[in-house]
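Side chains included, hydrogens not; waters and symmetry mates left out as well; all remaining heavy atoms used. So you know, we letter chains A, B, ... as the sequences are listed, proteins then strands, and number each from 1.
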Number of protein chains: 2
Amino acid sequence: MKYAESEVIEKATTLFWQKGFQAAGMRDIQQALDMRPGSIYARFKSKEGLFQLVVEKYVANTQQKLSTVIDDNNPLDALRAFFVSELINPEEMRFQRQCLLIKSITELEMLGDNGKQSVLDGMSTLRTCFKSIVEKAVQTNSLPASTPVDKAADWLQNQFVGLRTFALMQTDDLAIESMIDKVLIDLKTSWPE
Amino acid sequence: MKYAESEVIEKATTLFWQKGFQAAGMRDIQQALDMRPGSIYARFKSKEGLFQLVVEKYVANTQQKLSTVIDDNNPLDALRAFFVSELINPEEMRFQRQCLLIKSITELEMLGDNGKQSVLDGMSTLRTCFKSIVEKAVQTNSLPASTPVDKAADWLQNQFVGLRTFALMQTDDLAIESMIDKVLIDLKTSWPE
DNA sequence: TTATGACTTGAACAAGTGTTCAAGTAAACC
DNA sequence: GGTTTACTTGAACACTTGTTCAAGTCATAA
């Protein structure tokens, strides 16, 4: 085995994150992984099989980052720090500002059933994380007890999606931070109904 | 000329909106438009030329809808109505919940310079519309005079992006409406700095 | 030592891609 | 009436796509 699986997945993640599933051709993948088609197919079964592993690893990774937010004594500050670290990064990593899952959702119908399911499962996994964060914030009195947890979880994930698209196109880092602050303000204010 | 240009663009819009630029193959386009390759190339120069016209028409169309919001006496109510009409529609039009521009942004790098510019110009055109709405709302005292207009315009466009992705995946229309209401609440509350 | 099985190579394949082109049609203009 | 112009047709083109396969490598287990 020439390269460890984690190495390979990492390189594949970068490629899929930059180009998307469709646009990343097998020849791009072969070059990025420094592997020949036969190796890739023997190890990952297909382009989609590789993509699926990438998505699952991406979700697990994000989930882990979010779990440190949940475990923080001040979850809202930790959440802010998480947002900043995900959205403000050097130019050569700009592509990482977009969410790999959201990017994949736009090409969901071009994926087979397995790939599709991985993406959707990932979305729901992360939603659960956001819910836990809101719950923790309520427990620690960082948010009012009246906060509608489920609604706020959807909203928060939603804000994250919007922020990522905004950050992707935005060159002014301060504008991004300002947008993050707005999210934290609105999280504490009132909810409809 | 077998079909009027507006007809053709309309059909092409549906296709690109559903499948995206890349995934909509020339053979899909030929079928959707009921035209043979030569006709398409004689009239639109290339797949990207057609796409460009579609994007420009889409932007002009959205711009026009937003200008009725601007001209409304109660711009915030009109804005809410606009959101509802764009985000809550029958199942067979679900694909229209996603923003064609945002969908295109994810495949921006696969477009040539002209197509890319059309998409970016469209984004900035719509931002200007959102700014006018905020300005109008301030003028009519629907929003506090202290509202930072530029920041709010970015924020509003951003919210629209998030809402569209949310609505795309959401089956419960009430949850979408609730999310729209949250936007209108937050628009009126405080801003960072 | 031999056998197994996971992994690797690189040429090849069938199907799909966007695009071109010679030829034809028909309305508009001189 | 003749010429131009915009449009149409459908076969064909060169290239790219994801995938396969026979053959080879090499560590581990029997």
**Request:** Give a yes/no on whether any side-chain N or O of R43(A) is located under 4.0 angstrom from OP1 or OP2 of dT8(C).
**Result:** yes
**Pairs satisfying ring-ring contact (aromatic ring centres under 6.0 Å, His included), at least one member in residues 55-74 of chain B, at least two apart** = W17(B)-Y58(B)
**Request:** Check ring pair (Phe, Tyr, Trp, His ring centres under 6.0 Å) between F51(A) and all other residues, then give those that pass, not counting sequence neighbours.
**Result:** F16(A), F21(A)
**Asked** Just how far, in rounded Å, is P of dT9(C) from CE of M35(A)?
**Response** 7 Å
**Complete:** Taken to the nearest whole Å, NZ/K2(B) to C1'/dG24(C) is 14 Å
**Prompt:** Within a radius of less than 6.0 Å around CG of N73(A), do more than 12 heavy atoms belonging to other residues, nucleotides or ligands occur?
**Reply:** no
**Message:** Parallel, tilted or perpendicular: which one describes the rings of W155(B) and W191(B), with boundaries at 30° and 60°?
**Reply:** perpendicular
I'd like a table of atom pairs between the protein and nucleotides 15-21 of chain C - only N or O on both sides, under 3.5 Å - with the distance next to each one.
{"unit_1": "dG18(C)", "atom_1": "OP1", "unit_2": "K47(B)", "atom_2": "NZ", "d": "2.7"}
{"unit_1": "dG18(C)", "atom_1": "OP2", "unit_2": "M26(B)", "atom_2": "N", "d": "2.5"}
{"unit_1": "dG18(C)", "atom_1": "N7", "unit_2": "R27(B)", "atom_2": "NH1", "d": "2.8"}
{"unit_1": "dG18(C)", "atom_1": "O6", "unit_2": "R27(B)", "atom_2": "NH2", "d": "2.8"}
{"unit_1": "dT19(C)", "atom_1": "OP2", "unit_2": "Y41(B)", "atom_2": "OH", "d": "2.3"}
{"unit_1": "dT19(C)", "atom_1": "OP2", "unit_2": "K47(B)", "atom_2": "N", "d": "3.1"}
{"unit_1": "dT19(C)", "atom_1": "O5'", "unit_2": "Y41(B)", "atom_2": "OH", "d": "2.9"}

**Prompt:** What's the shortest heavy-atom distance between K182(B) and D186(A), and which atoms?
**Reply:** NZ-O, 2.7 Å
**Asked** How many Å lie between CZ on F51(A) and P on dT19(D), as a whole number?
**Response** 14 Å
**Asked** Could you give the OH-to-C1' distance, from Y3(A) to dC7(C), as a whole number of Å?
**Response** 14 Å
**Asked** Quick one: M1(B) CE to dA28(C) P, roughly how many Å, whole number?
**Response** 11 Å
**Message:** Looking at R36(B), I'd like to know whether one of its side-chain N or O atoms comes within less than 4.0 Å of OP1 or OP2 on dT8(D).
**Reply:** no
**Prompt:** Roughly how many Å is it from CG in L50(B) to P in dC7(D), rounded to a whole number?
**Reply:** 14 Å
**Item:** Spacing between E5(A) atom CD and dA6(C) atom C1', to the nearest angstrom
**Value:** 13 Å
**Request:** Taking the side chain as every heavy atom from C-beta outward, state whether M26(B) and K47(B) have any pair of such atoms under 4.5 Å apart.
**Result:** yes
